[in-house]
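Inspection log for the structure reproduced underneath, given as structure tokens.
Note on naming: letters A, B, ... go to the chains in the order of the sequence lines (proteins, then strands), and numbering restarts at 1 for each one.
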Protein chains: 4
Amino acid sequence: MEPALASQAIELPSWAFGNSGTRFKVFGTPGTPRTVQEKIADAATVHRFTGLAPTVALHIPWDHVDDYTALRRHAEDHGVALGTINSNTFQDDVYKFGSLTHVDPAVRQQAVDHHLACIDVMDATGSRDLKIWLADGTNYPGQGDLRGRQDRLAESLATIYDRLGPEQRLVLEYKFFEPAFYHTDVPDWGTSLVQVTALGERAMVCLDTGHHAPGTNIEFIVMQLLRVGRLGSFDFNSRFYADDDLIVGAADPFQLFRILVEVIRGGAMDPASGVAFMLDQCHNVELKIPGQIRSVLNVQEMTAKALLVDTDALAEAQAAGDVLGANGILMDAFWTDVRPELARWRESRGLPADPMRAYAESGYQQQIEAERVGGQQAGWGA
Amino acid sequence: MEPALASQAIELPSWAFGNSGTRFKVFGTPGTPRTVQEKIADAATVHRFTGLAPTVALHIPWDHVDDYTALRRHAEDHGVALGTINSNTFQDDVYKFGSLTHVDPAVRQQAVDHHLACIDVMDATGSRDLKIWLADGTNYPGQGDLRGRQDRLAESLATIYDRLGPEQRLVLEYKFFEPAFYHTDVPDWGTSLVQVTALGERAMVCLDTGHHAPGTNIEFIVMQLLRVGRLGSFDFNSRFYADDDLIVGAADPFQLFRILVEVIRGGAMDPASGVAFMLDQCHNVELKIPGQIRSVLNVQEMTAKALLVDTDALAEAQAAGDVLGANGILMDAFWTDVRPELARWRESRGLPADPMRAYAESGYQQQIEAERVGGQQAGWGA
Amino acid sequence: MEPALASQAIELPSWAFGNSGTRFKVFGTPGTPRTVQEKIADAATVHRFTGLAPTVALHIPWDHVDDYTALRRHAEDHGVALGTINSNTFQDDVYKFGSLTHVDPAVRQQAVDHHLACIDVMDATGSRDLKIWLADGTNYPGQGDLRGRQDRLAESLATIYDRLGPEQRLVLEYKFFEPAFYHTDVPDWGTSLVQVTALGERAMVCLDTGHHAPGTNIEFIVMQLLRVGRLGSFDFNSRFYADDDLIVGAADPFQLFRILVEVIRGGAMDPASGVAFMLDQCHNVELKIPGQIRSVLNVQEMTAKALLVDTDALAEAQAAGDVLGANGILMDAFWTDVRPELARWRESRGLPADPMRAYAESGYQQQIEAERVGGQQAGWGA
Amino acid sequence: MEPALASQAIELPSWAFGNSGTRFKVFGTPGTPRTVQEKIADAATVHRFTGLAPTVALHIPWDHVDDYTALRRHAEDHGVALGTINSNTFQDDVYKFGSLTHVDPAVRQQAVDHHLACIDVMDATGSRDLKIWLADGTNYPGQGDLRGRQDRLAESLATIYDRLGPEQRLVLEYKFFEPAFYHTDVPDWGTSLVQVTALGERAMVCLDTGHHAPGTNIEFIVMQLLRVGRLGSFDFNSRFYADDDLIVGAADPFQLFRILVEVIRGGAMDPASGVAFMLDQCHNVELKIPGQIRSVLNVQEMTAKALLVDTDALAEAQAAGDVLGANGILMDAFWTDVRPELARWRESRGLPADPMRAYAESGYQQQIEAERVGGQQAGWGA
């Protein structure tokens, strides 16, 4: 077993355990958590069955509590730690026309203040990363001044960045479109890089695998961001069309494999690289806990395959211009069935050989469905 | 003024006057209707300022009332008529895994029954068209049996079609993706055509301009559907990325112009063609009534330009292989500013020369913002 | 070993053995055939190492010879048969503005005559299928009359179809774009279906896996064409962006797997279905013969995986709404490493266990590089 | 007339006057230049009829001559100047697997040397800009090491950059795909920016309007590159699907308008900005000289419209959150017919009011068709 694989850790998003959906419908499901504490319990369950998910990311204000120190203890009691803090400036009415980019200084200040409050949370939870994804953008040409918005974004981010502690980082996520339809203020990795470079050493780019134009070679971006030392984190998921937020590896497992090949190539499996591996998914129609289990297993399996690539032989074939030989070396790794060995590794660590089956047989799902009656199921609203 | 232009009629969707948004947020706006009667009043306002929108489409159950005859009179009192009836099988929990395609006969029956109830509504409102858009589809490969779902769809549609009166039509809309992310059961015009052809003469295809893959030549599809006599209706809107549902003509006005060139070429400006021109839009961040006014004006302006094309000269240039000449004839029409003549035409009919300004100065918006206090603003939920 | 797998046959395109490239450059390679006889010898080599490729498709006039009966014997002497005849109406200057759709009857006649001559070839070679791919289209809006071109296409195809013998078929390929950039006359499966349905029972659709808009669900189209009984043939290849014509399965092997799942689901593995499985690829930078070997192996491997799907369990999970279970059944088949069993099967038939390695060690490549000196290397020109 | 408009200058590519096509066919046309001198004569003709195109870009080695000083005089005699020098490392067999990124130092050196030779040409022609577009990339995953290629690119570019004179610039073009199909070494503006920033102040990004993923908001990139001071030049053209290289403004004139709005917003109409406006097009099926005339007129017309935007009113509407008002201000400018005023301006400068007609009636086309008989028509080969 590769040591890199043994230390692999994938952060779970608390919101993956709540309800989600499309603009057409959010389907509720029995057993859905009503509180952040229940979300953390579910996340800890994923870790208990896989050994892969030791931390949980929070979303503020969805996961707001009065006592974050107590929440931290709650997580630790369940065997996990709190991770990245995600801000939210897209659900307050005041942000209809932007937040950190808004033309009105009062709105910008409100949005900045929210981020400062998030840093307070980080101080309490011991989180390293503040992740910023903005819904800022416009729907119609002319609606906003692209340039002015970009300048205001830079100013707002600088204010937030200045508040960070010496061990904390700001990670700026980019997204091609949605919810804005004409332009988004951070549409691509280039813009995110320009903005974070202006901030300082502890500002990084977040790459969400579903946030690109059709046909984009994502592993190239992974390579480039690692090359310039600015890949802060991944938001893993998969998509067929837009930002579908499906289970990572479900739509194009070969793409996920190629991404992980570049992760390894760029040294990002080394915890010292500081690259955070997170999921950001929506389980609209499938069960949420096994959806997360499946997701971390997919990342693990593709990583195991990527680690099988015979890099010496590959370099040789590449140098020789042996196109089919080089491609064949990659594909040999991809087609190798790593599941038996991973099952053995899990058993050697006291984990179930087949986490999906073990979860199904554990009775946990039945238990939460029976117990979590009444209250308000968690979703994107609260 | 072209007679074709003078008789142009664009149907408004009742739901365009309610709130809409994205999965991230639905912003409310002052003055939003609380009832279908208020929606119809707003739609009638659009018609009063433009003379272009004599009918309103309803969405069941969003616009459900106990007495449709009374609703019909309400519309007529406001100077408009009720139009297409749109069914909805995407918001009931039972439809999580499909409606007309569902593997469970009981669910299919419920979905069929809903459509039969819609036909009852049509009988009461005097509507000609039953428009069916399905959210049916799957998110993950393997989740459903594509073939079986298609066969069940055919069977369900046949049952619905059989219930139609001799003057009524079934119009089947296709959509590339969303809310399903792996496959939709009616993804393209080919599938819709295959299904409606199997039904009979009064089954037609609905073309929503936002429901195609990137790069699709939509005017070609318009041409083909008119050629085979199966273009039932348009759902007009515009998009930069996915099904953005922006104001028609806002994203790519030249595309709208080209579509209308094919509409004219195929004879669909003739009311006898039976082609219905409807809007299907979401005014997430802009005011809804002027958003609709802007939309029907855009269709009118592009139609006026399309009617300016010198078709004799065009045919001659095409026959001569004069690429630049032929393209130039089209562009001459497109670049001609038709707004002054349209303003004169409006004035000649007792309509305001500038409907956008006239609406803004009319006080209607202030009035509804003042009056419509309390109650539940209409949206996609009810 | 599944019997379906044992009888699998994939047709090779003669042109895959010639040089190809992009508009920027066509790179030559040592050993490239100079004649159709040498192309057939290479195709036979692929069959000799894999047992998967018993027929070769010809492209007229690239593969024109005076004596097709002799060519047929040449093929049989090499252990293969001649297959589909592909027409070419895109390289003569007269076709600059179209062929079967051209506004000039004389040009249309010339194009029709070419197809009649191709049917003569078919009579001599014993080929069943006439495959028609058209470069017809326009680059600028207005350049052509979309509707008139469609009508002329129908007329031209009818003339060709009438000439077919009772055992022969016409297969019409569609393509999203290229070489025409504004519109193509057969852009999608819907148009191809409309056209072939008008012709008669022996007119079918050809699905080239690289000829779709970004994000298109190709397996859905496979399902639908099989459902309506009009899937004539596949042109297999793969692509990341446009019609890249890469080795099938190289860009998205999971997509190829899903396509083959639908092939099996729709009964197309049964030779009686009449569905032809062909490659249509360009080996621009890789060696051509091993490129073809790799391609047929990819199809075989994905077919073997698709045959592993536990369809009973899948149907049960689908009926139960078990999204993750159903998807998991599919993925279990996909992740199973079928290569060892396929190697054993090959050996049991006297074929090399590893055809790629066997070819590399056979000396064939060195032999043709040494022998094929002088003459004009085959390409798309002749 | 806006002064900005009066001083507008658009550089023509010499290669637009030669033959071009697709991988399927290059159609020849009567009158096509055989030499670079004839190309310059044609480019000068475009300038004579429009007053918009005072310079011609050269492509080395396509336009290679022994005496560049004589060529410079030839251009000046025709009333134009020589402009940007474009290198070519994609047509020599040695570059099959890359040029500046090649794994073999000898090939990299050859490619670097070619660029140094181009700088020699620049010294002789007085050109300011060396424009580098690379075909470097791979077709199959694993074929090359993405990271190593990027590092070698940086090293090669640094060597070239060091050789530039103090008034000379290096401009690095990016391209999404083609001719490489899996990855290109400079796929996006982010990569180009990272590379040129590492070089120094006189290294800039070239934005070709056809080199983006589907749906990309190009005006946003224009804004961002101007904001960070790295927009070196435009390669104007238009596209429906891929890098179609159609006449600029032909596919989506509203997009071209929005791009020019950002050009003005960012100060790039000021010659001091150093932004070069060039065409890069292929006239595959239309006449080349009027194709270029149409192109520069399109840029001029969209610029004239963009200059009409009431920026004060726009800023006010934007600040007020008046979405429809702001969009309306933009659209008012777009829909204004600027052609009459531009015709008057042309006449005031002694230019034909209608350059397209004037060219058609000038007899120039007939003259070159009669005179340019024999020799080898220019194309991408030489």
Legend entry - Residue among B:Asp185, B:Val103, B:Asn327 with most heavy-atom pairs under 4.5 Å to chain C: B:Asn327
Inset, instruction - Sort B:Thr138 into side chain, backbone, both or neither according to what part of it lies under 4.5 angstrom from a heavy atom of chain C. - result: neither
Inset, instruction - For B:His211 and B:Glu173, work out which heavy atoms get closest and say how close. - result: CE1-OE2, 3.0 Å
Legend entry - Residue among C:Lys96, C:Gln143, C:Glu262 with most heavy-atom pairs under 4.5 Å to chain B: C:Gln143
Inset, instruction - Heavy atoms only, distances under 4.5 angstrom: which of C:Gly190, C:Ser192, C:Pro141 has the most pairs with chain B? Name it, please. - result: C:Pro141
Inset, instruction - Pick one of side chain, backbone, both or neither for C:Tyr182, based on which atoms fall under 4.5 Å of a heavy atom in chain B. - result: both
Inset, instruction - Using a cut-off of under 4.5 Å on heavy-atom pairs, state which of C:Gly328, C:Ala213, C:Gly321 scores highest against chain B. - result: C:Gly321
Inset, instruction - Heavy-atom distances under 4.5 Å only: say whether C:Thr197 touches chain B with side chain, backbone, both or neither. - result: neither
Inset, instruction - Quick one: list whatever passes salt bridge (charged side-chain N to carboxylate O under 4.0 Å, His left out) with C:Arg265, sequence neighbours left out. - result: B:Asp145
Determine all donor-acceptor pairs shorter than 3.5 Å in which one atom belongs to a side chain in residues 222-234 of chain C; sequence neighbours excluded.
from, atom 1, to, atom 2, distance (Å)
C:Gln224, OE1, C:Arg227, NH1, 3.1
C:Gln224, NE2, B:Gln150, OE1, 3.0
C:Gln224, NE2, B:Thr191, OG1, 3.3
C:Arg227, NE, B:Asp151, OD1, 2.7
C:Arg230, NH1, C:Gly200, O, 2.7
C:Arg230, NH1, C:Ala203, O, 2.7

Legend entry - Pairs of heavy atoms under 4.5 Å with chain B: top-ranked of C:Asn217, C:Val261, C:Leu330: C:Asn217
Inset, instruction - Output the option from B:Gly144, B:Gly98, B:Ala319, B:Ala317 having the highest count of non-hydrogen pairs under 4.5 Å with chain C. - result: B:Gly144
Legend entry - Main-chain N/O of B:Arg149 paired to B:Thr101 side chain as donor or acceptor, under 3.5 Å: no
Inset, instruction - Could you look at C:Ile329 and say if it's the side chain, the backbone, both or neither that has a heavy atom under 4.5 Å from chain B? - result: neither
Inset, instruction - Just do the salt bridge (Lys or Arg N to Asp or Glu O under 4.0 Å) check on C:Arg239 and C:Asp245 with the steps written out, would you? - result: CA-CA 6 Å; C:Arg239 50 77 77 92; C:Asp245 281 332; over 6 Å; no
Legend entry - Candidates C:Ile132, C:Leu153, C:Val205, C:Val186 - the one meeting side chain to side chain contact (heavy atoms under 4.5 Å, CB included) with C:Gln195: C:Leu153
Inset, instruction - Please work out which of the three classes, parallel, tilted or perpendicular, describes the rings of C:Phe236 and C:Phe277, given edges at 30° and 60°. - result: parallel
Inset, instruction - Could you tell me which portion of B:Gln255 (side chain, backbone, both or neither) has an atom closer than 4.5 angstrom to a non-hydrogen atom of chain C? - result: neither
Inset, instruction - With side-chain contact (heavy atoms from CB on, under 4.5 Å) as the test, would you mind laying out the steps for C:Trp189 and B:Asp188 before giving the verdict? - result: CA-CA 10 Å; C:Trp189 73 268; B:Asp188 49 23; 2.7 Å; yes
Legend entry - Parallel, tilted or perpendicular: ring planes of B:Phe254 versus B:Phe257, cut at 30 and 60 degrees: parallel
Inset, instruction - Count the heavy-atom pairs under 4.5 Å between each of C:Leu193, C:Asp104, C:Ile221, C:Val194 and chain B, then report the option with the highest count. - result: C:Val194
Inset, instruction - Measure distances from C:Phe97 to the heavy atoms of chain B and classify the residue's part below 4.5 Å as side chain, backbone, both or neither. - result: side chain
